[in-house]
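Read the numbers this way: they start at 1 and go in the same order the structure lists the ligands and their atoms. Values below: all heavy atoms of this structure, side chains included; hydrogens, waters and symmetry mates excluded.
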Amino acid sequence: MAKLAGARESTSHAPSRLLGQCMVCGSGDLDAFLDLGQTALANRFLRATFLDAPEPTYPLRAAFCRGCAHVQLTEAVPPDAMFRDYLYISSGSDTLVAHLEDLSRLLAARYSLGPGELVIDIGCNDGTLLNSLRRLGVRPLGIDPAENLAAFTQSAGIPRYADYFNSKTATRVVEAWGNASVIVATNTFPHIQDLHDFVEGLRIALAPGGVFVIEAHYLADLLDRVAFDTIYHEHVSYWALGPMAQLFEQHGMEVVDVERLTVHHGQLRTFVQRKGEGIVQPNVVRVREEERARQMDRIQTYRDFASRSLRIRDDLRSMIHSLRAEGRSVAAYGASAKGNTLLSFAELGPTAIEFVVDRSPLKQGLFTPGTHIAVVGPERIRDSSPDYLLLLAWNFVDEILRQQEEFRRRGGKFIVPVPTVTIV
Ligand code: JHZ
Ligand code: ZN
């Protein structure tokens, strides 16, 4: 088991950096459309002994670039405060493990990957994807700055370069391991603060004809699901295909294929190659047209989204306060990062929410950042029989409802916060 984090014992407050310009096109014409307040870092769960210590918080605001329609935060938190010691593990959800196994099979088949070929996973986390790639016979390499997660790949014998990916580390990686046929990044691309240097790193590390495959939450789905809770400091970018294609074009690369996925709350899987090395599929043009048709390049779209987000916050707050006033007990399920945006924004603390259940042993025993609610194991649902569970990991609703049949049979109800607050 990975060691529990050192950084959670520190109360140091490295300041955030104001992003005065668009990270894609450099325009200074940024329009902030949603202010989620001053919040603690979403994955920075606390030990009991630190509940009274000052907790660093940072402004959380999303902005639209009038130059290229990219959506990003207005402030960047120093990466070391978020990624050196990382609590989220990919193997925490059966749905996600199955998804990453499918992805490894797709990559191996689509690119006919042989035993000598290197596949790099940027943000490899606990090595779930790399394990499955290795079983298919390819040569895996993980790159990830999380020191506390290195033990997972080490015990599996998978090489890992424990740092951020950029042009400098790409050069070192090529010297030590050679060029990669495929570089993949699942749920990592939204975290990248220096996009241009990252893309230069790809150009250095990819073999001729090599492919970069991104999976990241898709802005169109974020809008449809009103998933404002997925806005937190780790995610500096909220990707649509239009701005993403522009980014790669600036570096002599192009998006050659794209697919929409249902995993998490809806994602985009994008395939990128050096210009001229691949054939651009009709999907790319189609998705870009769909984005224009639904006005993802207009600020009004984001203003409407912001109003719907405020409405959810108000509805949720009043529902939970009235349930509590009627004497009902309310707890939450899934100590997800997005759950912490939701709890902070709706100002729901331990008097409203008794505890948060999570399967991950890395989170149990800790307290939610900012709101300080205890995280406990799933057995607590049986022991305390809460009347309601606020579903903070709503992206796994099917998996969780299946697991919690007993709770529901006994009359327990789930509150699903988005796209509108509903009880199931
Ligand atoms: P989950 C993470 O966000 C972090 P989070 C990251 N920044 C990102 O971009 C997204 O993923 C994609 C628990 N759980 O996956 C496990 C149960 O207890 O929605 C997790 O702690 N029982 C990389 O944190 C949490 O819920 C279960 O049955 O918002 C879910 O977190 C299941 C399925 C999950 O991601
Ligand atoms: Zn821009």
Side-chain angles (χ1 to χ4, degrees), residues 19-31 41-45 63-72 82-83 86-100 123-126 128 144 146 149 185-192 195 215-218 221-222 227 229-240 242-244 246-247 250 261 263-267 297 332-343 356-364 366 368-369 375-381 389 391-404:
L19 296 170
Q21 291 181 325
C22 170
M23 291 161 44
V24 172
C25 76
S27 161
D29 201 357
L30 300 180
D31 201 327
L41 297 177
N43 262 316
R44 189 91 347 219
F45 289 80
F64 169 79
C65 169
R66 290 183 185 269
C68 73
H70 186 50
V71 172
Q72 66 175 52
M82 300 183 284
F83 304 122
Y86 205 59
L87 269 197
Y88 178 81
I89 49 169
S90 314
S91 56
S93 147
D94 302 342
T95 314
L96 200 55
V97 172
H99 170 77
L100 293 172
C124 67
N125 194 271
D126 62 4
T128 303
D144 195 308
L149 299 182
T186 64
N187 300 309
T188 307
F189 205 54
H191 297 178
I192 307 305
L195 287 166
E215 285 189 10
H217 50 227
Y218 182 33
D221 293 304
L222 190 152
D229 52 350
T230 62
I231 299 174
Y232 47 89
H233 300 99
E234 281 178 27
H235 300 152
V236 276
S237 285
Y238 302 84
W239 285 107
M244 191 187 277
Q246 272 209 35
L247 169 71
Q250 291 174 46
L261 309 170
V263 72
H264 280 294
H265 58 91
Q267 299 212 323
D297 52 358
Y333 192 102
S336 59
K338 62 183 146 326
N340 289 324
T341 298
L342 186 73
L343 294 169
V356 183
V357 163
D358 198 284
R359 278 206 308 204
S360 167
L362 293 185
K363 292 183 182 171
Q364 291 164 15
L366 301 175
T368 56
V375 182
V376 297
E379 63 287 348
R380 182 70 183 272
I381 299 176
L389 283 172
L391 189 56
L392 299 175
W394 50 261
N395 45 324
F396 295 120
V397 59
D398 297 338
E399 181 176 340
I400 292 169
L401 290 191
R402 262 197 312 274
Q403 276 169 38
Q404 293 302 326

message = To check you understand the geometry: which heavy-atom pair defines the closest contact between Ser93 and Phe396, and what is its length?
response = OG-CE2, 3.2 Å
inquiry  = Measuring from atom 8 (C) of ligand 1, which candidate in Gln364, His235, His265, Lys338 has the nearest non-hydrogen atom?
reply    = His235
Side-chain heavy-atom pair Asn125, Ile89 within 4.5 angstrom cut-off = yes
ask   = At a non-hydrogen distance cut-off of under 4.0 Å, which region of Ser360 contacts ligand 1 (side chain, backbone, both, or neither)?
value = neither
note = re atom 3 (O) of ligand 1, the protein heavy-atom contact at minimum distance is Tyr232 OH, 3.1 Å
query = Is Pro378 close to Gln364 at the side-chain level, that is, under 4.5 Å between some pair of heavy atoms?
reply = yes
note = Here the atoms of ligand 1 under 4.0 Å from any heavy atom belonging to Lys363 are 20 (C), 21 (O)
ask   = What atoms of ligand 1 come closer than 4.0 angstrom to any heavy atom of Gly334?
value = 26 (O)
request  = Would you give the angle at the Zn ion (ligand 2) between Cys65 atom SG and Cys25 atom SG, to the nearest 10°?
outcome  = 100°
request  = Tell me which protein heavy atom sits closest to atom 18 (O) of ligand 1, plus the residue, atom name and distance to 0.1 Å.
outcome  = Arg359 N, 2.7 Å
message = Once you restrict to heavy atoms under 4.0 Å, what part of Tyr86 touches ligand 1? Side chain, backbone, both or neither.
response = side chain
query = Quick one: does His191 get within less than 4.0 Å of ligand 1, heavy atoms only?
reply = yes
key: Ring geometry between His264 and Tyr88 (parallel below 30°, tilted from 30 to 60°, perpendicular above 60°)   = tilted
ask   = Judged by atom type as modelled, is there a donor-acceptor pair below 3.5 Å linking the side chain of Thr188 to the main-chain atoms of Thr186?
value = yes
inquiry  = Using a 4.0 Å cutoff against the non-hydrogen atoms of Phe396, which atoms of ligand 1 qualify?
reply    = 1 (P), 15 (O), 19 (O), 33 (C)
ask   = At the 4.0 Å heavy-atom cut-off, does Phe83 count as touching ligand 1?
value = no
ask   = Taking the six-membered ring for Trp, are Tyr238 and His235 parallel (under 30°), tilted (30 to 60°) or perpendicular (over 60°)?
value = perpendicular
message = Using a 4.0 Å cut-off to any heavy atom of Ile400, which atoms of ligand 1 qualify?
response = 27 (C), 28 (O)
query = What's the shortest distance from atom 28 (O) of ligand 1 to any protein heavy atom, and which residue and atom give it?
reply = Gln403 NE2, 2.7 Å
query = Can you check whether Val24's main-chain N or O pairs, donor with acceptor, with Gln250's side chain at less than 3.5 Å?
reply = yes
ask   = Would you say the side-chain atoms of Asp31 pair up with the backbone N or O of Phe64, donor to acceptor, closer than 3.5 Å?
value = no
task = Give the residue and atom name of whichever protein heavy atom lies nearest to atom 7 (N) of ligand 1, and the separation in Å to one decimal.
result = Glu234 OE1, 2.8 Å
query = Any idea which protein heavy atom is nearest atom 22 (N) of ligand 1, and the distance to it?
reply = Tyr333 OH, 2.8 Å
task = Give the residue and atom name of whichever protein heavy atom lies nearest to atom 11 (O) of ligand 1, and the separation in Å to one decimal.
result = Tyr88 CZ, 3.5 Å
Exercise: do Tyr86 and Glu234 side chains pair donor with acceptor under 3.5 Å = yes
request  = Would you confirm whether Gln72, through its side chain, and Met23, through its main-chain N or O, come within 3.5 Å as a donor-acceptor pair?
outcome  = yes
query = Any side-chain donor-acceptor pair under 3.5 Å between His99 and Glu215?
reply = yes
Nearest non-hydrogen protein atom, atom 25 (C) of ligand 1 = Asp358 OD2, 3.5 Å
ask   = Nearest heavy-atom pair of His217 and Ser237: which atoms, and what distance?
value = NE2-O, 3.9 Å
note = Looking only at protein heavy atoms, what sits closest to atom 34 (C) of ligand 1 is Gly92 O, 4.1 Å
ask   = Do any of the N, O or S atoms of His70 sit under 2.8 Å from the Zn ion (ligand 2)?
value = no
